[in-house]
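Below is one structure, written out as structure tokens; comments come after it.
Just so we're on the same page: letters track the sequence lines, and every chain starts at 1. Values in this document were obtained by computation on a predicted structure and should not be read as measured data.
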Number of protein chains: 2
Amino acid sequence: MQLHKRDVIRKATEILDNFGIADLTMRRLARELDVTAGALYWHVANKQELLGAVADEVLRPAVGPVSAEDWRERTVTACIRLRDALLSHTDGAELVSASFASGQSASMPQILNLLTTAAEDAGVPQAQAELAARTIVYYVLGFTVDEQSRLQWDAAGAALPPEQSMLDSPACQPDTFGFGLALLIDGMSVRGSRPMGSPSERRLN
Amino acid sequence: MQLHKRDVIRKATEILDNFGIADLTMRRLARELDVTAGALYWHVANKQELLGAVADEVLRPAVGPVSAEDWRERTVTACIRLRDALLSHTDGAELVSASFASGQSASMPQILNLLTTAAEDAGVPQAQAELAARTIVYYVLGFTVDEQSRLQWDAAGAALPPEQSMLDSPACQPDTFGFGLALLIDGMSVRGSRPMGSPSERRLN
DNA sequence: ACCTGAACACCGTTCAAGT
DNA sequence: ACCTGAACACCGTTCAAGT
């Protein structure tokens, strides 16, 4: 019977979860859907768009309003949701990073909006609130790409060595994710109370 | 006459600069060096290693000691050098990001070290100083990947529209790069004077 | 030691033609 | 409207064999 776009995305997500982003090719996706590779181009414009759609699938649990009045709590919650979503799929962080960079994810702007509003509530001048939001997103994506590659690497080669393996890498201690996030939040607090032209930013250019 | 590894890297950098990372393929590189593709595998183990070597070539002007006593100044200088190096080559930010993620760049650890020392001088407990350094690197890479893709995009489609084109995107105003950096530096100042277990990081997990 | 030739196992994308 | 068949123009990597 008929193939729909949502079937394409669903099967693509399945391949991602089971085999990773390197195996998520148009030809393989077509094969597993029992169609020709060319058929996919009726449903998606190109591979980038497909990856963007899969990225939005990955991000689905991470979007939606965050009910909390405190801007710090909203920021932290949004970041934790984002990271959790990325870690829920094989190579999820890498996929979303790439789709964010290529502007093919529809969900990232939503998350960015949420963080921008939080930054405004922190007192950051709105001209810079989006910049603060982007800075946070760069952090969460960068951190999680690192973390996930390490997690996946020693989930593959592991199974036997029950020693340390996790606690030696700097991105995997007690609450490493929270540390960088706290750094950013503290920075926003400072920017919130001392809006413009502080010494450290004056010195640039 | 004989082909050396440094010739391979030099030609690869040339292709990167003139045509971008998408055209930097093993086959094309071989063709422009007047050898067979297989010949390259005598000099490099695989494409990842090659890209890592090119990334280190890009980063060459960004490494080396930063002479400044103030940790803020050292941090800012290191970040500006890094960004300038990335912007000096077509797709430089994307290439270095990828090589950093795959652990194939020998220069990134050096830059990380410099930033880690600066964080320690800021008073950040050394257990977290490397995390602060990584957070800064995630920011510079993420920001510059964004910036460069926009710069390259309207350097291509431009040439005629002499209107705004640059000042409308959030990553290209007066000193956007400095803002995110200042955010991180302010955060480090706070962590420096108030070392451990502040409210905002306690709330995670 | 260094390189060629040839193969292996793939890619993304397009498009006339079919139903 | 939706899909096939077939082509176009490529990939990264390996490896026996040559010099």
When the C1' atoms of C/dA17 and D/dC2 are considered, how many whole Å apart are they? 13 Å
Between B/E147 and B/R150 (salt bridge meaning N to carboxylate O under 4.0 Å), is one present in this structure? no
Could you go through residues 1-16 of chain A and list every donor-acceptor pair under 3.5 Å that involves a side-chain atom there, pairing it with any protein atom two or more places apart or in another chain?
| residue | atom | partner | partner atom | Å |
| --- | --- | --- | --- | --- |
| A/K5 | NZ | A/E49 | OE2 | 3.1 |
| A/D7 | OD2 | A/H4 | N | 2.8 |
| A/T13 | OG1 | A/I9 | O | 2.8 |

Residue pair A/L141 / A/L86, side-chain heavy-atom distance below 4.5 Å: yes
All side chain to side chain donor-acceptor pair (under 3.5 Å) counterparts of A/S107, not counting sequence neighbours: A/D56
Under the side-chain contact (heavy atoms from CB on, under 4.5 Å) rule, collect the residues that match up with A/A85, sequence neighbours excluded. A/A62
side-chain contact (heavy atoms from CB on, under 4.5 Å) filter on B/A37, not counting sequence neighbours, yields B/R27, B/A30
Side-chain donor-acceptor contacts of residues 90-97 of chain B below 3.5 Å, not counting sequence neighbours, with atom names and distances?
| residue | atom | partner | partner atom | Å |
| --- | --- | --- | --- | --- |
| B/T90 | OG1 | B/D17 | O | 2.7 |
| B/D91 | OD1 | B/Q152 | NE2 | 2.9 |
| B/D91 | OD2 | B/I21 | N | 2.9 |
| B/S97 | OG | B/A93 | O | 3.4 |

Could you note down all residue pairs passing side chain to side chain donor-acceptor pair (under 3.5 Å) where residues 110-120 of chain B supplies at least one of them, sequence neighbours left out? none
Dot-bracket encoding of pairs in DNA chain D, which uses [ ] for pseudoknotted crossings and | for another strand, Watson-Crick or G-U under 3.5 angstrom: ||.|||||...|||||.||
Who pairs with B/R74 by salt bridge (Lys or Arg N to Asp or Glu O under 4.0 Å), at least two apart in sequence or on another chain? B/D121
For residues 29-45 of chain B, pull every pair meeting side chain to side chain donor-acceptor pair (under 3.5 Å), keeping only residues two or more places apart or in separate chains. B/R28-B/E32
Checking B/F177, B/Y138, B/F179 against B/F143 for ring pair (Phe, Tyr, Trp, His ring centres under 6.0 Å), the one that qualifies is B/F177
Smallest heavy-atom separation, B/K47 atom then B/T25 atom, equals NZ-CA, 4.3 Å
Output, in order, the C-alpha distance, side-chain angles, deciding distance and verdict of side chain to side chain contact (heavy atoms under 4.5 Å, CB included) for A/L183 and B/L183. CA-CA 8 Å; A/L183 206 67; B/L183 206 67; over 6 Å; no
Nearest-angstrom distance, P atom, D/dC10 to C/dA9: 23 Å
Students should find this one: the first and last nucleotides of DNA chain C, 5' to 3', lying under 4.0 Å from a heavy atom of chain B. What are they? C/dA1 to C/dA7
Give the residues of residues 3-36 of chain A touching DNA chain C, defined as any heavy atom closer than 4.0 Å, sorted by residue number. A/T25, A/M26, A/R27
Expressed in whole Å, how much space separates the C1' atoms belonging to C/dC3 and D/dA16? 13 Å
What residues from residues 37-47 of chain A pass a heavy-atom cutoff of under 4.0 Å to DNA chain C? A/A37, A/G38, A/Y41, A/N46, A/K47
